[in-house]
Trainee: 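For reference, the structure I am asking about is given below.
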Amino acid sequence: MKIYNTLTNKKEKFIPIEKGKVKMYVCGPTVYNYFHIGNARPLIFFDVVKKFFEYFGNEVILVRNVTDIDDKLINRSIEEKIPVTEIAEKYTKAFFDDCKALEINPADHHPKATEYISDMINLIKELEEKEFAYEVNGDVYFSVSNVEGYGKLSGKKLEDLQAGARVEANKQKKHPADFTLWKKAKPGEPKWASPWGEGRPGWHTECVVMSRKLLGGTFDIHGGGIDLVFPHHENEIAQAEASNNKKLANYWMHNGYLNIEGEKMSKSLNNFFTARDILKKYDAEAIRFFFLSKHYRSPIDFNEDIIKESSQAVKNLYNTIKSADYLNIIDNKFKFTEIHLQHKNNFVTAMNDDFNTAKAISVLFDITKTYNKTKDPGFIHLLIELGNVLGFFLDLKEKLSNDLSDISGELIELLISYRIRLKHEKNWEMADRIRNDLKEMGITLKDTPEGTDWNIEK
RNA sequence: GGCGACAUCGCCAAGUGGUAAGGCAAAGGUCUGCAAAAUCUUUAUCCCCGGUUCGAAUCCGGGUGUCGCCUCCA
């Protein structure tokens, strides 16, 4: 298993700290808004990372934090005219709802920043004692100049940062790259008591504190979007390692951006879609396919045509599963033979190479093709098993059984039986009319040598 | 200004030294009363120029183009 490590800019062999156990921390949402479809990328991708490790019997502990206090929430609170805590509550709930709709598994822990304030204060105190932090008028800053190797994750040098600074430096800071550990509260803002007065923690501290508490001083994988490399993760490393002299995480994984029509998704350009809006038009699996059909580190361009293509591709996979009468073989135990294991091996090899999901998906299509040629149900079992690793074909029983009351189902069967009679009588006009009318209602009929199948289309 | 990424068929995309996976779309054939599904067949020499090599999409240099990051900040 090889993983591309942002820290070294190389693919490295993955060796967990503890055999059979993988500890992951992936930066989660700041709950000030509904998350957009670009935010769904790390959620879906790291969901797959977890599933793949688990496929090999590893125990995975995934932590995904919820940032429920920061400037964005405060601004939002002013906009919506409701308290910050209610903003946080509202959008935290929305976050979990949307994840569920996207068929993303919950993490094992979802720590909230506001629940770790005292731990953060303790860390900041420690940093102050060790002279990595300084206080100015109730604000506390981290002094990057005191850290050896600052910039090692993002490949930036302090001199360059200074030279390239496009924003006027905060005059309180000793160095422009110094970042806030504790921010003094303005009147009316949420606040907590601290040795430096009332205020709130800075952005980067929560992840250090929460990962340390839930995963230990050093853990295996730290993940997130590429935009978090600098300054967020860089600053996490700086304060974590300054305080305990231990590596924060061994492997740093970052997913690429989602662009829309070639441009970065951004609020000011008004070119973003919330995940919940996209879900109104497309299935969770189409969205998943869209993301996984490209390597996670590449930028990906979002447009509806491509989601539609993805949707069609997923549908074709389902066609094969349906044609295999999967519901009737689902409970059969199946033992894979050499021929199946070859395909499985292709899949695993692809995934072992820094999670090459695009290639892994192509293996699913190979399997489908082979099934259609051989009609060997083993391939359907394999397709489902490997699809599950990528988060496809979950809850198949529910998805495949036609979601109608018994009576409606019986009515359709009745219509089909009449249509069969009409077909025997070569009354094609009426037979087609039944099929077309049902199609308009979203029910598709398919004549096969074994009889007529029906499906409900979305 | 500094740092970095990317450029492969109509579209999406894998492939990092050995002669271009896969998906979607399109065309034609088989099957079918017709559909649908399935199946068979067809479509690229990899942005440009130069170099290294027996051999490069893959390595090196130059060019062009697109994009990202550069501090609590919208």
Side-chain angles (χ1 to χ4, degrees), chain A residues 6 9 11 70-72 74-75 139 141-142 144 151 154-170 173 175-181 183 200-204 225-232 234-235 254 256-257 259 262-264 266-269 289-290 292-295 297-303 305-320 322-323 346 350 353 356-369 371-373 375 422-424 426-429 431-432 435-436 439 444-449 452-455 457:
Chain A
T6 309
N9 289 320
K11 277 187 201 170
D70 108 330
D71 289 4
K72 293 192 196 94
I74 293 172
N75 294 338
D139 288 328
Y141 298 102
F142 185 93
V144 294
S154 54
K156 293 185 189 303
K157 296 184 190 113
L158 275 181
E159 310 88 79
D160 295 342
L161 287 172
Q162 206 163 5
R166 63 179 178 188
V167 178
E168 197 182 331
N170 180 336
K173 292 179 181 178
H175 187 285
D178 288 351
F179 57 90
T180 308
L181 293 168
K183 186 168 186 164
R200 61 180 182 275
W203 179 21
H204 316 294
I226 187 104
D227 52 325
L228 296 180
V229 172
F230 192 90
H232 186 51
E234 195 71 73
N235 291 348
H254 294 99
Y257 259 132
N259 299 329
E263 283 181 307
K264 182 189 163 186
S266 123
K267 247 185 151 177
S268 54
L269 290 168
F289 188 97
F290 165 75
L292 297 183
S293 62
K294 185 146 179 165
H295 189 86
R297 280 188 284 115
S298 308
I300 185 166
D301 203 89
F302 178 90
N303 69 61
D305 288 343
I306 297 168
I307 296 268
K308 276 179 200 151
E309 284 184 4
S310 301
S311 188
Q312 185 58 44
V314 171
K315 199 171 148 194
N316 288 346
L317 291 172
Y318 268 98
N319 275 335
T320 300
K322 285 177 189 164
S323 77
N346 291 342
D353 182 15
N356 192 337
T357 53
K359 196 163 189 184
I361 282 178
S362 80
V363 177
L364 298 187
F365 282 97
D366 289 342
I367 292 170
T368 302
K369 205 176 257 181
Y371 167 76
N372 281 322
K373 270 184 192 155
K375 302 291 174 193
L422 291 167
K423 279 173 59 176
H424 283 313
K426 294 199 192 301
N427 187 343
W428 309 124
E429 194 193 331
D432 287 352
R435 186 172 60 196
N436 291 339
K439 175 101 186 168
T444 308
L445 300 190
K446 227 186 267 184
D447 292 333
T448 73
T452 302
D453 281 346
W454 59 278
N455 283 303
E457 305 284 332

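Values below: all heavy atoms of this structure, side chains included; hydrogens, waters and symmetry mates excluded. This one's a predicted model, so the numbers in the text were calculated from it and none came from an experiment. Naming convention: chains lettered A, B, ... in sequence-line order (proteins, then strands); numbering from 1 in each chain.
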Trainee: May I ask you to evaluate whether K373(A) reaches the phosphate of C40(B), defined as a side-chain N or O under 4.0 Å from OP1 or OP2?
Mentor: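 Checking K373(A) against C40(B): at least one side-chain N or O falls below 4.0 Å of OP1 or OP2.
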Trainee: Rounded to the Å, how far apart are N436(A) CG and A36(B) C1'?
Mentor: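 So the CG-C1' distance, N436(A) to A36(B), works out to 12 Å.
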Trainee: Is any side-chain heavy atom of W428(A) closer than 4.5 Å to a side-chain heavy atom of K423(A)?
Mentor: yes
Trainee: Under 4.5 Å between any side-chain heavy atoms of N259(A) and I300(A), yes or no?
Mentor: no
Trainee: For nucleotides A21(B) and C9(B), find the distance between their P atoms and express it as a whole number of Å.
Mentor: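 Comparing P positions in A21(B) and C9(B) gives a spacing of 14 Å.
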Trainee: Partner of A44(B) by Watson-Crick or G-U wobble geometry, both contacts under 3.5 Å, or none?
Mentor: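 Across all strands, not a single nucleotide pairs with A44(B).
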Trainee: Could you work out the separation of C6(B) and C47(B) based on their P atoms and round it to a whole Å?
Mentor: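 Taking atom P in both C6(B) and C47(B), they lie 13 Å apart.
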Trainee: Give the rounded distance in Å between these two atoms: CG of N235(A) and C1' of C70(B).
Mentor: 12 Å
Trainee: Which part of the nucleic acid does N372(A) contact within heavy-atom distance under 4.0 Å: base, sugar-phosphate only, or nothing?
Mentor: sugar-phosphate
Trainee: What nucleotide among U71(B), A38(B), C34(B) has an atom nearest to a side-chain atom of P176(A)?
Mentor: U71(B)
Trainee: Report yes if some heavy atom in the side chain of Y371(A) is under 4.5 Å from a heavy atom in the side chain of T320(A); otherwise report no.
Mentor: yes
Trainee: Please give, in whole Å, the distance from A14(B) C1' to N346(A) CG?
Mentor: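 N346(A) atom CG is separated from A14(B) atom C1' by 13 Å.
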Trainee: Salt bridge or not for R200(A) and D70(A), using N-O below 4.0 Å?
Mentor: no
Trainee: Provide the Watson-Crick or G-U wobble partner of G50(B), both distances under 3.5 Å; none if there is no partner.
Mentor: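 Base-paired to C60(B).
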Trainee: Expressed as a whole number of Å, how far does the C1' atom of U58(B) sit from that of G51(B)?
Mentor: 15 Å
Trainee: In whole Å, what is the span from the NZ atom of K439(A) to the P atom of A36(B)?
Mentor: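 Roughly 9 Å, once rounded to whole Å.
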Trainee: Y371(A) OH to U39(B) P: how many Å, rounded?
Mentor: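 Interatomic distance, OH of Y371(A) to P of U39(B): 11 Å.
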Trainee: Hey, does F302(A) have a side-chain heavy atom less than 4.5 Å from the side chain of I307(A)?
Mentor: yes
Trainee: Which nucleotide sits closest to the side chain of D447(A): A38(B), C72(B), G33(B)?
Mentor: G33(B)
Trainee: Please state how far atom NE2 in H254(A) lies from atom C1' in G4(B), giving the value in whole angstrom units.
Mentor: 14 Å
Trainee: Tell me, do W203(A) and T180(A) make a side-chain contact under 4.5 Å, heavy atoms counted?
Mentor: no
Trainee: Could you work out the separation of U16(B) and C60(B) based on their P atoms and round it to a whole Å?
Mentor: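 Here U16(B) and C60(B) have their P atoms 14 Å from each other.
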Trainee: Scan nucleotides 16-26 of chain B nucleotide by nucleotide, 5' to 3', and note B when protein non-hydrogen atoms come under 4.0 Å of the base, S if they reach only the sugar-phosphate, - if neither.
Mentor: -----BSBBS-
Trainee: Send over the distance from F302(A) CZ to C67(B) C1', rounded to a whole Å.
Mentor: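 In whole Å, C67(B) C1' lies 19 Å from F302(A) CZ.
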Trainee: According to a strict under-4.0 Å criterion, is N259(A) in side-chain N/O contact with OP1 or OP2 of C67(B)?
Mentor: no
Trainee: State whether the distance check finds a donor on one side and an acceptor on the other, under 3.5 Å, for side chain D71(A) versus base C73(B).
Mentor: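 No, the side chain and the base share no sub-3.5 Å donor-acceptor pair.
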Trainee: Taking a pair as Watson-Crick or G-U wobble with both distances under 3.5 Å, which nucleotide is matched to A38(B)?
Mentor: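 Pair assignment: A38(B) / U30(B).
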Trainee: When the C1' atoms of A7(B) and C49(B) are compared, how many Å lie between them, rounded to an integer?
Mentor: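 It comes out at 16 Å once rounded to the nearest Å.
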Trainee: May I have the list of side-chain donor-acceptor pairs in residues 357-366 of chain A shorter than 3.5 Å, sequence neighbours left out?
Mentor:
residue: T357(A); atom: OG1; partner: L292(A); partner atom: O; Å: 2.7
residue: S362(A); atom: OG; partner: K359(A); partner atom: O; Å: 2.7

Trainee: The side chain of K446(A) lies closest to which of these nucleotides: C34(B), A37(B), C70(B)?
Mentor: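 The answer is A37(B).
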Trainee: Evaluate the side-chain proximity of F290(A) to I306(A): yes if any heavy-atom separation is below 4.5 Å, no if none is.
Mentor: yes
Trainee: With a 3.5 Å limit on both atom pairs, tell me what G1(B) is paired to, counting Watson-Crick and G-U wobble, or say none.
Mentor: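 Partner of G1(B): C70(B).
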Trainee: Quote, to the nearest angstrom, the C1' distance that separates A25(B) from C11(B).
Mentor: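 7 Å, rounded to whole Å.
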Trainee: Does Y257(A) put a side-chain nitrogen or oxygen below 4.0 Å from OP1 or OP2 of A5(B)?
Mentor: no
Trainee: Does N356(A) or R435(A) map to a spot on RNA chain B nearer the 5' end, using the closest nucleotide for each?
Mentor: N356(A)
Trainee: Tell me which of K183(A) and W428(A) sits closer to the 5' end of RNA chain B, going by the nucleotide each one is nearest to.
Mentor: W428(A)
Trainee: For the P atoms, the ones on U42(B) and on A5(B), what distance do you get once it is rounded to whole angstrom?
Mentor: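 The answer is 39 Å between these two P atoms.
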Trainee: Determine the contact category for G256(A): base if any of its heavy atoms lies under 4.0 Å from a base atom, sugar-phosphate if only primed atoms, P, OP1 or OP2 are that close, otherwise nothing.
Mentor: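 The answer is nothing, as G256(A) stays clear of every strand by at least 4.0 Å.
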Trainee: Does any part of the side chain of F179(A), heavy atoms only, come nearer than 4.5 Å to the side chain of N235(A), both counted from C-beta?
Mentor: yes
Trainee: Looking only at atom C1', what distance separates A20(B) and G15(B), rounded to whole Å?
Mentor: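 Approximately 8 Å lies between the C1' atom of A20(B) and that of G15(B).
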Trainee: Of the listed nucleotides (U71(B), C11(B), C72(B)), which one gets closest to any side-chain atom of K173(A)?
Mentor: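 Nearest to the side chain of K173(A) among the choices is U71(B).
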Trainee: Would a 4.5 Å heavy-atom cut-off, applied to side chains only, mark I226(A) and R297(A) as touching?
Mentor: no
Trainee: Does the structure show a Watson-Crick or G-U wobble partner for G17(B), both distances under 3.5 Å? Name it, or say none.
Mentor: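 For G17(B), the partner nucleotide comes out as none, under the 3.5 Å rule.
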Trainee: With both distances under 3.5 Å as the test, what is the Watson-Crick or G-U wobble partner of G55(B)?
Mentor: none
Trainee: Mind calculating the distance between CD (E234(A)) and P (C3(B)) to the nearest angstrom?
Mentor: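 After rounding, the reported distance stands at 16 Å.
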Trainee: Please name the nucleotide paired to G10(B) by Watson-Crick or G-U wobble geometry with both distances under 3.5 Å, or report none.
Mentor: C24(B)
Trainee: Of the options A37(B), C11(B), A14(B), whose atoms approach the side-chain atoms of I306(A) most closely?
Mentor: C11(B)
